[in-house]
Amino acid sequence: MAASNYGLHCKLLGLKDTSKISMEKVVLGLAHSRRKVERRFSSPVCVEATDAITDYNLSDNFRLHGASQISHPLVPNVKEKGMWHRVLLKVSGEALAGDGVQNIDPNITMAIAREVASITRSGVEVAIVVGGGNFFRGASWVGSSGLDRASADHIGMMATVMNALFLQASLESVGVPTRVQTAYKMSEVAEPYIRRRAIRHLEKGRVVIFGAGTGNPFFTTDTAAALRAAEINAEVLLKATNVDGVYDSDPKKNSGAVLLDHVSYREVALKGLSVMDITAITLCQENRIPVVVFNLKKPGNISKALSGERIGTLIDQAGSNPKVL
């Protein structure tokens, strides 16, 4: 925080002896809503200064000066309710297709929108990564019509942008302000991906949808979800799929497959459990981001997952062995 802004913020908060006030305490004081500050200081100069406070990137300064966490000044502190504060929801393209009659089932996108809307209004910050398999899956087209892997993956990443724009329209139709950010520059339809801007959108209560994967071939949208979750400091990665969670074998091939309640990253890698690719799991493991895999089609599951309820399969460092840290 610049020295001049530091002094101004201290003055606004009524702090006279600023030499004994830590930066953390000043930023904590700024976490009050603009309305409360305006009621205390009614002059035009102070009102103008509170605009600067409202636009001040609180979370970046908290990380810079060692404070643990802060909520947006206009959003409830959801941690007190036992909920997640910031989450990344990964929605597969196949899940958006529903029964497969058409590429996107509007009933599914609206169901997602309504559940996300109810959770964001309670203060949870939600970012979304969408797949593109309902339109085009790059890996399955390699060799067809001369397509190489890189070209096929680029087509698949553009397919995710179509899903992102469709989901944005559904969310905004139920009153949720939403921004789409893409790894490719598509300025006519979406913002370019900028990490700090994405975090600022989340702090302001907007949903951010990340499209075009990582922008690089040979990486899945699961890897893109793990990467974005790490970049925006999400507390959990929620993967919405067509199945109830992670099974010990493929439930489509084995009717006796057992649903696993809690597994570790190591177990997923060693047993080759088909939940996420190894790159995505490794990213989550290195950044200690837990993963929750759940069924998108069951009504209420998205709300339960976003609010921190235990559903589906939890993947973390310990797994079912509490002795592992």
Side-chain angles (χ1 to χ4, degrees), residues 78-79 82-96 112 115-116 119 124-133 160 198 202 207-210 213-214 219-251 257-298 300-322 324-325:
V78 294
K79 271 299 180 183
M83 303 169 71
W84 302 113
H85 172 68
R86 179 178 295 164
V87 306
L88 189 137
L89 174 65
K90 166 64 191 342
V91 181
S92 67
E94 290 87 347
L96 291 176
I112 294 172
E115 293 197 45
V116 169
I119 291 300
V124 180
E125 298 173 2
V126 180
I128 301 174
V129 169
V130 287
T160 70
L202 293 171
V207 170
V208 181
I209 304 175
F210 300 117
T214 65
F219 292 96
T220 66
T221 51
D222 280 346
T223 299
L227 176 63
R228 297 292 183 247
E231 289 180 307
I232 66 171
N233 303 310
E235 295 173 313
V236 64
L237 193 163
L238 306 172
K239 182 172 180 181
T241 67
N242 288 326
V243 294
D244 291 332
V246 180
Y247 289 82
D248 61 352
S249 60
D250 190 343
V258 177
L259 177 65
L260 304 175
D261 177 64
H262 192 185
V263 296
S264 67
Y265 306 114
R266 181 179 173 82
E267 287 178 275
V268 171
L270 290 179
K271 296 179 181 179
L273 302 177
S274 56
V275 50
M276 301 173 78
D277 64 89
I278 193 65
T279 306
I281 284 293
T282 302
L283 260 176
C284 291
Q285 181 177 14
E286 289 178 350
N287 292 280
R288 290 185 173 270
I289 302 171
V291 180
V292 176
V293 183
F294 66 97
N295 193 333
L296 173 69
K297 294 182 177 180
K298 289 187 176 179
N301 262 7
I302 294 177
S303 296
K304 290 177 182 177
L306 292 175
S307 62
E309 285 190 39
R310 188 69 178 271
I311 62 169
T313 302
L314 172 64
I315 306 171
D316 61 9
Q317 196 74 24
S320 56
N321 183 1
V324 179
L325 298 178

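Only heavy atoms go into these numbers, but all of them, side chains included; no hydrogens, no water, no symmetry mates.
- The distance from the CG atom of Leu306 to the CG atom of Leu89 is 6.0 Å, given to the nearest 0.5 Å.
- Nearest heavy-atom pair across Ile128 and Val126 is CG1-CG1, 4.1 Å.
- Counting only heavy atoms from C-beta outward, the side chains of Val275 and Val291 never approach each other to under 4.5 Å.
- With respect to Asp248, the side chain to side chain contact (heavy atoms under 4.5 Å, CB included) criterion is satisfied by exactly one of Val258, Val263, Leu259: Val258.
- Residues Ser307 and Ile119 are in side-chain contact: their nearest non-hydrogen atoms beyond the backbone lie under 4.5 Å apart.
- In this structure, the side chain of Glu115 engages the main chain of Gly300 through a donor-acceptor pair within 3.5 Å.
- Counting only heavy atoms from C-beta outward, the side chains of Asp316 and His262 approach each other to under 4.5 Å.
- Between Val268 and Val246 the shortest side-chain heavy-atom distance does not fall below 4.5 Å.
- Minimum heavy-atom separation, Ala240 to Ala95: O-CB, 4.5 Å.
- Shortest non-hydrogen contact noted between Gly131 and Thr160 is C-CG2, 3.5 Å.
- Interatomic distance, NZ of Lys90 versus CG of Leu296, reported as 11.5 Å (0.5 Å rounding).
- Considering all non-hydrogen atoms of both residues, Val236 and Pro290 come closest at CG2-O, 3.3 Å.
- Taking OG1 of Thr221 as the reference point, atom NZ of Lys239 lies at 7.5 Å (rounded to 0.5 Å).
- For the pair Arg86 (side chain) and Ile232 (backbone), a donor-acceptor distance under 3.5 Å is present.
- At least one donor-acceptor pair under 3.5 Å links the side chain of Asn295 to the backbone N or O of Lys297.
- Checking Thr220 against Thr223 by side-chain atom types alone, a donor-acceptor pair falls below 3.5 Å.
- Smallest separation of non-hydrogen atoms from Arg288 and Tyr265: C-OH, 3.9 Å.
- Separation of atoms OG (Ser303) and CD (Glu309) is listed at 9.0 Å; rounding is to 0.5 Å.
- Leu283 has its side chain within reach of Leu227: a pair of non-hydrogen atoms, C-beta onward, lies under 4.5 Å apart.
- Note that the CG atom of Leu202 and the NE2 atom of His85 stand 8.5 Å from one another [nearest 0.5 Å].
- Note that CG of Leu237 is 5.0 Å distant from CE of Met276, once rounded to the nearest 0.5 Å.
- When atom types are taken as modelled, the side chain of Trp84 and the backbone of Ala305 share a donor-acceptor pair closer than 3.5 angstrom.
- You'll find the side chain of Ile302 reaches within 4.5 Å of the side chain of Phe294, heavy atoms only.
- When all heavy atoms of Ala226 and Cys284 are compared, the pair lying nearest together is CB-SG, 3.8 Å.
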